[in-house]
Chemist: 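To start, I am sharing the structure in question, which I have written as structure tokens.
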Amino acid sequence: MAEHVILFAGPMGAGKTTAIESLSEIETIRTEANNTDRETADKDTTTVALDYGEITVGDEDKVRLYGVPGQRRFNFMWTILKERAVGLVLLVNNDAADPIQELADFLDEFGDLHEKGGVVVCVTRSDVATSPHIDQYAEKIREVLPGRMIPVFTADARNTDQMRTCLMSLIANIEMTAMIAASQERAA
Amino acid sequence: MVSMTKARHSLGLVGLSPIECAKIATFIESEAEAAGCPWLVLHSDSCDALIVPADVEFSADPYQVLIRLVRFGGTPGEGLSITTPISARELMDVLKQAQELLGRQQKPAATGSLRVKMEDWGGMPANDRHDVPARDIPAGFGTTARHMTDGSAALKTDPYAVAAQITHPHAQPSAMATPQPVQQMPPQPAAHAGYGEAGEFSAAWDQIAVALYSIVQNSAPAVAEIRVENLDMIRIDFRFRAYNSRIPLEQVNTHGHRIAIRSTLVEAYRPPIVNLPGESLDKLFWFIGSQAFHGMAAPWLKPEERYRLRRWPNFTELNHAVADMRTAAAIGNCYLNAAELSSAAGITPEAATRTLNAYSLMGLLEIQANRSAPPVVFTPPPPEKSGGLFSKLRTKLGL
């Protein structure tokens, strides 16, 4: 069975756990502890190891959804999971103190996944904070990863349809990038 | 059947004062149709005909007719001209001559009669008003627009027929939804809102799209109202890239056969005319851009140019088909024209063109600077036994 690992990364409180719950067809495995950092995200618990969900596609494919903890002190987990991943859903909450910088920081850490597969950025809580606009996220991506096209969407992590759109766009981008690369290789 | 109208040529006002623009717009509004001179007036230097002050150095393209405005004390030169104070009669006469000249010109096959270009719009005012159509306007619809004196330009149009009672219960505002074949009798549902019997209804949206494109390219703080017959109006505030409408977009074709747009410049500090945050303007532009122009390229797009996305459309807020994602992925990763996009994304050339129209109206496209760059030749890999993950997930999720 082919396995496709998709990571869900982003700062604490961006909605990674919720996004996986929206997509997974199994009950999500969560590893949460009491949140002691209420200043960064005002929620009761936070992921300390990883979250896990999956989508089985026929007998041949399984999409594994891993949510990595948002705090930098857990970044040893990031390295382990990145090696197996083909794609990244990067969630950034628009009501963070500096969401554009958060985006830049996570792209710095996970941007190489774009070379392996693809990345999609989901801007959450844009109903709470209407700025920055997704144009500003796209601008930052061009600055950090020039020449790369990473989809940016506003999304509610609780909304299954929206999260499916994000996931399908990620996979469409991965497949199209591979097709273009193969075409150029054959043409060369 | 009711009568509909459309402009035959576009008239650009370049370097004129707001009062001169207002006068010309008013005369065209009140006189042009009766005089047989239907014109779409825009603040652009890439229209079929241009009115430019005689003392301004200006060279028109070969396809354009240049009309000089000779102010007090000036001397008319060769070619067409009008003098101040501008009179309706003189303006109509010169526009008739311009129309004849345009009628004699051999136009390039690939371009339409309306020309709007993407560059050099910076300093132009955005006070455009376009009424589509101008005939048979019942009381309560568009009548206020005919008396506006905001210095705006107006559209006048020639007789144009459209079916009156077509319903489109399955309207799907996605660029991927290919319009149904034209059905004369009985009327059939069409896949596109705005795509009516024989495609006539889209003609009105063509001009709305041109007007909106013009306003957006001007980058001036502006607001606009689109009135759709028998329905509430759509209010747009370009400063906030937002709109309000109590009309579901899918219904505009069901009820509206007459459309009018009015736009006005506003000071940046004025309060918004929409209830913020409102709906994203991208949603409206996606709808209009993918419906307009009958599946032909928008007049501001050039067939020889290739385009690439500046950013992906925000699909979570757009009514989209799954195929739109593949299309965005294709044109997001390399410069393509409509034919190449069609091939890369596996969609019809018409769907590719509609998508480009919508993206360009939304301001998402950048043009390839190096026109001589070789195109990306897509040679799709041999299909996997049961398709790629995208196809499988699509089936699995019932998308």
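Remember, predicted model here, so these are calculated numbers, not experimental data. Values below: every heavy atom of this structure, side chains too, minus hydrogens, waters and symmetry copies.
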Chemist: Has the side chain of B:Asp237 got a donor or acceptor atom that lies under 3.5 Å from a matching backbone atom of B:Ile273?
Modeler: yes
Chemist: B:Arg310 versus chain A, heavy atoms under 4.5 Å apart: side chain, backbone, both or neither?
Modeler: both
Chemist: Which region of A:Glu139, side chain (C-beta onward) or backbone (N, CA, C, O), has a non-hydrogen atom less than 4.5 Å from a non-hydrogen atom of chain B, or is it both or neither?
Modeler: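 For A:Glu139, neither part sits under 4.5 Å from chain B.
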Chemist: Which is it for A:Met163 and A:Ile20 under the side chain to side chain contact (heavy atoms under 4.5 Å, CB included) test, yes or no, and what are the steps along the way?
Modeler: CA-CA 9 Å; A:Met163 293 317 302; A:Ile20 292 173; over 6 Å; no
Chemist: Where on A:Asp135 is there a heavy atom nearer than 4.5 Å to chain B: the side chain, the backbone, both, or neither?
Modeler: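 It is both, since atoms from each part get that close.
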Chemist: On the ring face of A:Phe110, is A:Lys82 found with NZ or CZ under 6.0 Å from the centre and within 45° of the axis?
Modeler: yes
Chemist: Ignoring hydrogens and angles, tell me if any N or O in the side chain of A:Thr124 forms a donor-acceptor pair with the backbone of A:Gly15 under 3.5 Å.
Modeler: no
Chemist: Please flag which part of A:Leu170 lies under 4.5 Å from any non-hydrogen atom of chain B: side chain, backbone, both or neither.
Modeler: neither
Chemist: So what's closer than 4.5 Å to chain B heavy atoms on A:Val63: side chain, backbone, both or neither?
Modeler: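 Just its side chain gets close to chain B.
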Chemist: For each of B:Pro277, B:Ala330, B:Ala345, tally heavy-atom pairs with chain A at distances under 4.5 Å, and name the one with the top tally.
Modeler: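 Going by pairs under 4.5 Å, I would pick B:Ala330.
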Chemist: Do you see a donor-acceptor pair shorter than 3.5 Å between the side chains of A:Thr28 and A:Glu21?
Modeler: no
Chemist: Which atoms of A:Gln162 come close to chain B, meaning under 4.5 Å heavy atom to heavy atom: side chain ones, backbone ones, both, or neither?
Modeler: both
Chemist: So for A:Ala138, is it side chain, backbone, both, or neither that comes closer than 4.5 Å to the heavy atoms of chain B?
Modeler: side chain
Chemist: Which answer fits A:Cys166, side chain, backbone, both or neither, if we ask what part of it has an atom under 4.5 Å from a heavy atom of chain B?
Modeler: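 The side chain, not the backbone.
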Chemist: Any idea how B:Trp286 and B:Phe315 line up, ring-wise: parallel (<30°), tilted (30 to 60°), or perpendicular (>60°)?
Modeler: perpendicular
Chemist: Using non-hydrogen atoms and a 4.5 Å limit, figure out which bit of B:Leu309 sits close to chain A: side chain, backbone, both or neither.
Modeler: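 Looking at B:Leu309, backbone and side chain both touch chain A.
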Chemist: Test B:Trp312 against A:Ser169 for side-chain hydrogen bond (donor to acceptor under 3.5 Å, both in side chains), laying out the working first.
Modeler: CA-CA 10 Å; B:Trp312 271 56; A:Ser169 297; over 6 Å; no
